[in-house]
Amino acid sequence: MALPPQDERTLPAAVLQDVDEHPLERTLADVQMLIETHGHVIVVCSRAVPAAVTRRLHTIRSILESDRIALFSPELPPLGLAVLARQLRQLASCDLGPGVLASAGRLLTHYIHAGAQLGSVARLDRVPVGLKSHARSWMPGSQFGVIAHPEPRLVKIAPDATLRGPEFATWMLVAKGQLQSDWVSASLAPAWSVQGLREVPLPAESADWWGTGKLIEFCTYLPDLSVLYQLVSSVRRSRCHWCGIEVIGDRCVFCSATAPDHAPPHENRIPAR
């Protein structure tokens with residue numbers, strides 16, 4: 001999840017390891033120290049982690065009774081989520097308030113294309129898989145190209161196989177599991193006209209998320225901090241009517257309050273005489 005810095009301005013990540021295995025008091029102290037040091041904490045968590053991890057995070061937030069902890073768990077594969085976390089670390093060096101920064105995660109998710117090359121889809125349950133694809137997955141040598149976000153797609157890899165990619169300039173990250181193939185780097189990346197390609201280690205949750213260890217995960221993203229900042233700063237901001245923090249969108253990422261449907265009525269005032 002903690003990818004290497006994209007540039008010299010990328011802030012380091014604070015990694016909460018084995019949240020569900022360590023004593024509650026230890027993780028509680030770690031999070032409290034982060035709040036005291038930085039003021040606000042944005043927790044980016046994969047949906048592939050055990051349910052006990054999610055419960056522990058909510059327990060910590062409840063015990064601390066803090067509106068300064070944002071729990072963010074978008075529907076992205078592990079590599080895509082790692083990219084998003086790094087983009088937030090990039091933006092953390094800019095003049096953005098914590099509410100805007102945390103809200104930016106939802107916005108930037110739309111610019112991430114995440115998928116994988118799989119040796120089997122027999123256990124894939126996060127992307128719709130037809131009966132034909134299930135049957136083909138049992139044939140020796142079958143491989144599949146899958147897009148999980150932004151729009152689920154699945155094709156059996158063949159010379160004429162295509163997957164719709166981003167319509168804007170991106171870079172690509174590739175994380176190799178137990179599958180041996182150059183289809184992603186030799187075919188998919190050129191078809192998507194990526195501007196650059198880098199390899200990173202496979203995230204620990206990837207095999208569980210994709211249902212197999214025979215995979216090569218990939219993700220395209222916007223690497224330039226100036227572009228990310230322009231995207232975020234161009235969106236209208238508002239003040240949360242409950243906690244007062246500045247956010248993007250109609251739901252506060254810290255206190256979870258939603259914007260009222262209608263503006264509060266004006267108070268009835270007796271005119272002065």
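As a basis for the values below, the full set of heavy atoms in this structure was taken, side chains included, without hydrogen atoms, waters or symmetry mates.
Nearest heavy atom pair, residue V127 against residue P152, reads CG1-CB, 3.9 Å. Residues S120 and A122 approach most closely at OG-N, 3.1 Å, considering heavy atoms. Closest non-hydrogen pair, T109 versus P74, comes out as OG1-CB, 4.4 Å. Scanning both residues, W209 and A148, for their nearest heavy atoms gives CH2-CB, 3.6 Å. The two atoms that bring G177 and L202 nearest to each other are CA-CD2, 3.8 Å, heavy atoms only. Taking every heavy atom of both residues into account, G80 and E217 meet most closely at N-OE2, 4.5 Å.
R86 places no side-chain N or O within 3.5 Å of a backbone atom of P5 that could act as its donor or acceptor partner. Checking side-chain atoms of R47 against main-chain N and O of S73 turns up a donor-acceptor pair under 3.5 Å. In this structure a side-chain-to-backbone donor-acceptor pair under 3.5 Å is missing from R239 to I245. With hydrogens and angles disregarded, no donor-acceptor distance shorter than 3.5 Å links the side chain of R89 to the backbone of T10. Listed for the T27 side chain is no donor-acceptor partner under 3.5 Å among the backbone atoms of L24. Proximity of a side-chain donor or acceptor of S93 to a complementary backbone N or O of Q90 within less than 3.5 Å is detected.
With sequence neighbours excluded, no residue forms a side chain to side chain donor-acceptor pair (under 3.5 Å) with S103. In this structure S181 satisfies the side chain to side chain donor-acceptor pair (under 3.5 Å) test together with Q117, sequence neighbours excluded.
Here the side chains of C219 and M172 are not in contact, with every heavy-atom distance at 4.5 Å or above. Taking the side chain as every heavy atom from C-beta outward, W210 and V146 approach each other to under 4.5 Å. Within the 4.5 Å cutoff, no side-chain heavy atoms of E246 are placed close to those of S238. At a threshold of 4.5 Å between non-hydrogen side-chain atoms, the residues L118 and I216 do not count as touching. Looking at I112 and L76, their side chains come closer than 4.5 Å, going by heavy atoms from C-beta outward. Between L231 and Q87, the closest side-chain pair of non-hydrogen atoms is not below 4.5 Å. When side chains are defined from C-beta on, R237 counts as touching V100, because their heavy atoms get closer than 4.5 Å. Contact annotation: the side chain of F218 approaches that of V184 to within less than 4.5 Å [non-hydrogen atoms, C-beta and beyond].
Judged purely by distance below 3.5 Å, without hydrogens or angles, the side chains of E205 and S46 never pair a donor atom with an acceptor atom. Looking at Q143 and W183, their side chains never bring a donor and an acceptor atom within 3.5 Å of each other. In the model, D224 has no side-chain atom that pairs as donor or acceptor with a side-chain atom of Y229 under 3.5 Å. Using a 3.5 Å distance cut-off with no hydrogens or angles, the side chains of D182 and S185 do not pair a donor with an acceptor.
Linking Ile, Leu, Val, Met, Phe, Trp and Tyr whenever their side-chain heavy atoms come within less than 4.5 Å leaves L163 and L154 in two separate clusters. Note on I147: it clusters hydrophobically with V155, by side-chain heavy-atom contacts below 4.5 Å among ILVMFWY residues.
Residue-environment remark: CH2 (W242) stays at or below the threshold of 12 foreign heavy atoms within 6.0 Å.
With a 6.0 Å cutoff to the six-membered ring centre and a 45° limit on the axis angle, R106 does not count as a cation-pi contact of F72.
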- Evaluate side-chain contact (heavy atoms from CB on, under 4.5 Å) for V194 paired with W171, printing each intermediate quantity in order. CA-CA 5 Å; V194 299; W171 274 62; over 6 Å; no

- Dump the intermediate steps for side-chain contact (heavy atoms from CB on, under 4.5 Å) on R9 and L225, then the final yes or no. CA-CA 9 Å; R9 294 185 58 178; L225 175 58; 3.9 Å; yes

- When you look at L79 and V200, which way does the side-chain contact (heavy atoms from CB on, under 4.5 Å) test go after all the steps? CA-CA 9 Å; L79 185 61; V200 294; 3.8 Å; yes

- Message: What verdict does the side-chain contact (heavy atoms from CB on, under 4.5 Å) test give for L96 and V232, after you've listed the backbone C-alpha separation in whole Å, the side-chain angles of each residue and the deciding distance to 0.1 Å?
- Response: CA-CA 9 Å; L96 299 174; V232 175; 4.1 Å; yes

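Listed by first and then second residue, the ring-ring contact (aromatic ring centres under 6.0 Å, His included) pairs that reach into residues 23-47 are H40-F254, sequence neighbours excluded.
Taking CG of L57 as the reference point, atom CG of L16 lies at 7.0 Å (rounded to 0.5 Å). Of the inter-residue distances, the one linking F144 atom CZ with K156 atom NZ reads 6.5 Å to the nearest 0.5 angstrom.
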